[in-house]
Chemist: 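Following this message is one structure expressed as structure tokens.
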Amino acid sequence: MKKQIWALLVQSLTALQSKKIIPVYDTSCIKIETSRGSEHGDFASNIAMLLARIVKSNPRDMAQNIIDHLPESEILERVDIAGPGFINFYLKPNVHQSIIHEILTSDHQYGDSKIGANTPTLIEFVSANPTGPLHIGHGRGAAYGAAVANLLKKTGFDVSCEYYINDAGRQMDILAVSVWLRYLQHCGVDISFPDNAYQGDYIIDIAVKLHADHAEKFILSSDNIIVLLAEEDAELRLDQLIRYCIDSLGEMNYRTIFDAGQHSILIRIKEDLRDFGVEFDNWFSERSLINSDAINKHITKLFGHSLIYEKAGAQWFKSSKLGDEKDRVLIRENGQATYFASDIAYHLSKVERGYEKIINIWGADHHGYIARVKAAMQAFEWPLEKLEILLVQFATLYRGKEKLQMSTRSGEFISLKELQDEVGKDAARFFYIMRKSEQHLDFDLALAKSQSNANPVYYIQYAHARICSVFRQIPAKNFEYHQAEALSNSANLTEPHEIKLLATLARYPDVIENAAIHYEPHQLAYYLKHLAHDFHTYYNAKQFLVEDKTIRNARLTLIEATQHVIQDGLRLLGVSSPEIM
RNA sequence: GCGCCUGUAGCUCAAUUGGAUAGAGCACUGGCCUUCUAAGCCAGGGGUUAGAGGUUCGAGUCCUCUCAGGCGCGCCA
């Protein structure tokens, strides 16, 4: 519909251009907006005000000029000038109704678009370190990433979802040593557990299983360990314990403990995500980059490059030359690559795998990291415009008034699973999506629980269930409904409630496209709330199952179309559409 | 100290990405079930968009400064 209005405007402007009333103007700049309120018609354009500025004339005169040159149209009732120079378009009442036919005959493709042009797209999200279960902070990234992925698929992008597993590095070693110490305790070795090792009870579960699988294979006498535990520098203490564990048990045994921890946690992460309705196409291991020597391969390419230099035995990347605030180490003094180095290799792999659009969804605490990744992309002469880094603000956890620092290490967090068990998948997914991603999120589980019944998701689902219920009752009332027949000779739906609902349904493709290109799934959530409201209002105002067959059929096609759109919209947000509530 | 994000109704958040009279839900007040599901509908009160300047036909949105909150500034990941 919007496109038809747009075409009319283009014709008018072309005519004005040929008459030299206005200069040649890029027609793609013409913006048509869906009017906020019906008092401003169905659609509006601000083009007259923009053009008036260019030719320095009165906006309302310009608007009149444009209207005078509009071609005849079947769909327009009238066109007005309003306010400072808006052009408002009013559609003929029966025009709205064609949207039903479009929705019901498109086989659930309504709202699809091709703007993505099958662009190979990689969305990387969640990517939490496998050092503990996912918590409610990760849940936000999961819900957001999955919704963005669905929206991009809907708009024609060829999307793959990927989880980057940070299975290398110090955090993982701390996890391994945490498991080992719990294992020793479980075996009766009398040692204390460091307060900066991983505190969560899940570590004990892993240790118990490690003992079940390997008996007492990893036991060492407590004497040396007690000495190491006495170290005052907490971080040094952990590093020394890691070193000691590797040296005394041997690489092989250490790796067994390490893998026991990682695998068990990763399995749980995968389960939690699946239960949350979030699926990944690929799980990409950081260690696979190290094992395949990909990092060295790429980094050595940079050696000799003017942006690489050596200082204090380490290899540095001159990222400060490319917009970063300081230079960064790639290869440490001890010869090991930094996390940044593996991340460069990882991003290069994304490009090598042929992705034209690379989307990273990161927690906002990583924002300081953006500049150096972009600097690296420039150094490698990768196309910077392919990379899109979306930040999701952190969830702050509250227990009543008290603010808690959510941390996997301290075991101070509410797990995603816990949230899901308390409020259910649908309410949890919607709770996250309702908020714009850059909005800070205060999370109080007690509040989330108490408000779960007030969650707007039920309002939307209820509309869907009501529609299903209406259709269930058709046979009992001795009515019949044949969609094709109903569509072919439908009465006019001209009641105000019906026109409003039709107009809202017509907006769906626009909402999808906007939500997709701006990566803002919350727009869809708010739209669905609005759609449900229009339906509930209609439901209370009019009876659908009435004696008059033509009216009955027309109304049934309308609510069936509504049902389709609600289903599709909720699906994109990862929420179910129950038939009974 | 520097950088990024945020500040909108009592609370939680929107606002078509610079548009017209800033809107929803919760909470509060009143009304609507002998009619397709009352997890619903209708009506009402509630605002100096943190503050001060600026840009223009037009600013919650853009720029500058101030205030307040969050996060980040490792040879951690």
Chemist: Taking side chain to side chain donor-acceptor pair (under 3.5 Å) as the test, write out the residues that go with A/Y508, two or more places apart.
Modeler: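 By the side chain to side chain donor-acceptor pair (under 3.5 Å) rule, A/Y508 matches A/D568.
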
Chemist: Counting only side-chain N and O atoms of A/K326, is one of them less than 4.0 Å from OP1 or OP2 of B/G74?
Modeler: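 Yes, such a contact exists.
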
Chemist: Give every residue pair that meets the salt bridge (charged side-chain N to carboxylate O under 4.0 Å, His left out) criterion with at least one member in residues 517-543 of chain A, sequence neighbours excluded.
Modeler: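 Every salt bridge (charged side-chain N to carboxylate O under 4.0 Å, His left out) pair that includes a residue of residues 517-543 of chain A, provided the two are not neighbours, is A/E495-A/K542.
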
Chemist: Who are the side chain to side chain contact (heavy atoms under 4.5 Å, CB included) partners of A/A44, not counting sequence neighbours?
Modeler: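 Expected list: A/S35, A/N88.
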
Chemist: Residues in ring pair (Phe, Tyr, Trp, His ring centres under 6.0 Å) with A/F89, at least two apart?
Modeler: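 Counting only residues at least two positions away or on another chain, A/F89 forms no ring pair (Phe, Tyr, Trp, His ring centres under 6.0 Å).
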
Chemist: Hey, does the side chain of A/R435 come within less than 4.0 Å of B/C13's phosphate (OP1/OP2), counting only N and O?
Modeler: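 The answer is yes; a side-chain N or O of A/R435 sits under 4.0 Å from OP1 or OP2.
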
Chemist: Counting only side-chain N and O atoms of A/K31, is one of them less than 4.0 Å from OP1 or OP2 of B/U17?
Modeler: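 Yes, A/K31 has a side-chain N/O under 4.0 Å of OP1/OP2 on B/U17.
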
Chemist: Please state the P separation for the pair B/G45 and B/G58 - nearest whole angstrom.
Modeler: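 Approximately 31 Å lies between the P atom of B/G45 and that of B/G58.
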
Chemist: Mind checking the CG-CZ spacing from A/L419 to A/R429? Nearest 0.5 Å is all I need.
Modeler: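 If I round to the nearest 0.5 Å, the distance is 12.0 Å.
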
Chemist: Which residues in residues 527-536 of chain A have at least one heavy atom lying under 4.0 Å from any atom of RNA chain B?
Modeler: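 Output list: A/K529, A/H533, A/H536.
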
Chemist: Rounding to the closest angstrom, what is the interatomic distance between B/U61 and B/C42 at atom P?
Modeler: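 It comes out at 32 Å once rounded to the nearest Å.
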
Chemist: Mind jotting down which residue pairs meet the salt bridge (charged side-chain N to carboxylate O under 4.0 Å, His left out) criterion with at least one end in residues 472-481 of chain A? Sequence neighbours excluded, please.
Modeler: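 Not a single pair qualifies under salt bridge (charged side-chain N to carboxylate O under 4.0 Å, His left out).
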
Chemist: Just jot down the side chain to side chain contact (heavy atoms under 4.5 Å, CB included) partners of A/D343, sequence neighbours excluded, or say none.
Modeler: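 So A/D343 forms a side chain to side chain contact (heavy atoms under 4.5 Å, CB included) with A/Y164, A/Y339, A/Y346, A/H347, A/Y369, A/V373.
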
Chemist: Which whole number of Å gives the distance between the P atom of B/C28 and that of B/C36?
Modeler: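 Taking atom P in both B/C28 and B/C36, they lie 28 Å apart.
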
Chemist: Return the set of residues passing ring pair (Phe, Tyr, Trp, His ring centres under 6.0 Å) with A/Y198 (not counting sequence neighbours), or none when no residue passes.
Modeler: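 For A/Y198 there are no ring pair (Phe, Tyr, Trp, His ring centres under 6.0 Å) partners, ignoring immediate neighbours.
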
Chemist: What is the distance, rounded to the nearest whole Å, between atom OH of A/Y538 and atom P of B/U35?
Modeler: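 Spelled out: OH on A/Y538 to P on B/U35 is 20 Å.
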
Chemist: Could you give the distance separating B/G70 and B/U8 at their P atoms, to the nearest angstrom?
Modeler: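 Pairwise P distance, B/U8 against B/G70, rounds to 15 Å.
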
Chemist: Verify the contact: side-chain N or O of A/T537 to OP1 or OP2 of B/C42, cut-off strictly under 4.0 Å; return yes or no.
Modeler: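 Checking A/T537 against B/C42: at least one side-chain N or O falls below 4.0 Å of OP1 or OP2.
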
Chemist: Decide side chain to side chain donor-acceptor pair (under 3.5 Å) for A/H366 and A/N360; before the verdict, give the C-alpha distance in whole Å, the side-chain angles of both, and the deciding distance to 0.1 Å.
Modeler: CA-CA 11 Å; A/H366 283 68; A/N360 296 347; over 6 Å; no

Chemist: Taking the same atom, P, in B/A59 and in B/G3, what whole-Å distance lies between them?
Modeler: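 Straight-line distance between the two P atoms is 29 Å.
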
Chemist: Is A/K477 near enough to B/U35 that one of its side-chain N or O atoms lies under 4.0 angstrom from OP1 or OP2?
Modeler: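 So the side chain of A/K477 is outside the cut-off, no N or O lying under 4.0 Å from OP1 or OP2 of B/U35.
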
Chemist: Once Watson-Crick and G-U wobble pairs under 3.5 Å are found, how is RNA chain B written in dot-bracket notation, 5' to 3', with | for any base paired to another strand?
Modeler: (((((((..((((.....[...)))).(((((.......))))).....(((((..]....))))))))))))....

Chemist: So A/Y539 and A/F535, would you call those rings parallel, tilted or perpendicular, with 30° and 60° as cut-offs?
Modeler: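 Because their plane-to-plane angle lies in the 30° to 60° range, the rings of A/Y539 and A/F535 count as tilted.
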
Chemist: Below 4.0 angstrom from OP1 or OP2 of B/A77, is there any side-chain N or O of A/R332?
Modeler: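 Indeed, a polar side-chain atom of A/R332 lies that close.
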
Chemist: Between the side-chain atoms of A/H367 and the base atoms of B/G3, is any donor-acceptor pair under 3.5 Å?
Modeler: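 Present.
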
Chemist: With a cut-off of less than 4.0 Å, is there a side-chain N or O of A/Y458 near OP1 or OP2 of B/A39?
Modeler: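 It does not, given that no N or O in the side chain of A/Y458 lies less than 4.0 Å from OP1 or OP2 of B/A39.
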
Chemist: Quick one: is A/Q473 getting a side-chain N or O under 4.0 Å of the B/U37 phosphate, OP1 or OP2?
Modeler: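 A/Q473 to B/U37 OP1/OP2: side-chain N or O found under 4.0 Å.
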
Chemist: Using the test ring pair (Phe, Tyr, Trp, His ring centres under 6.0 Å), find all partners of A/Y481 that sit at least two apart in sequence or belong to another chain.
Modeler: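 Applying ring pair (Phe, Tyr, Trp, His ring centres under 6.0 Å) to A/Y481 gives A/F471.
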
Chemist: Using side chain to side chain contact (heavy atoms under 4.5 Å, CB included) as the criterion, list what pairs up with A/N540, not counting sequence neighbours.
Modeler: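 Scan of A/N540 (side chain to side chain contact (heavy atoms under 4.5 Å, CB included), adjacent residues dropped) gives A/R466.
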
Chemist: Does a side-chain N or O from A/Y459 land closer than 4.0 Å to OP1 or OP2 of B/C41, or not?
Modeler: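 So the side-chain polar atoms of A/Y459 do come within 4.0 Å of the phosphate oxygens OP1 or OP2 of B/C41, strictly under.
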
Chemist: Taking atom types as they are modelled, is there a donor-acceptor pair under 3.5 Å from the base of B/G7 to the side chain of A/H440?
Modeler: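 Side chain to base: no pair present.
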
Chemist: Could you go through nucleotides 30-34 of chain B and list every protein N or O atom that sits under 3.5 Å from one of its N or O atoms, giving the distance for each pair?
Modeler:
none

Chemist: So, is A/R328 near the phosphate of B/G74, with a side-chain N or O under 4.0 Å from OP1 or OP2?
Modeler: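 For A/R328, the contact criterion (side-chain N or O under 4.0 Å from OP1 or OP2 of B/G74) is not met.
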
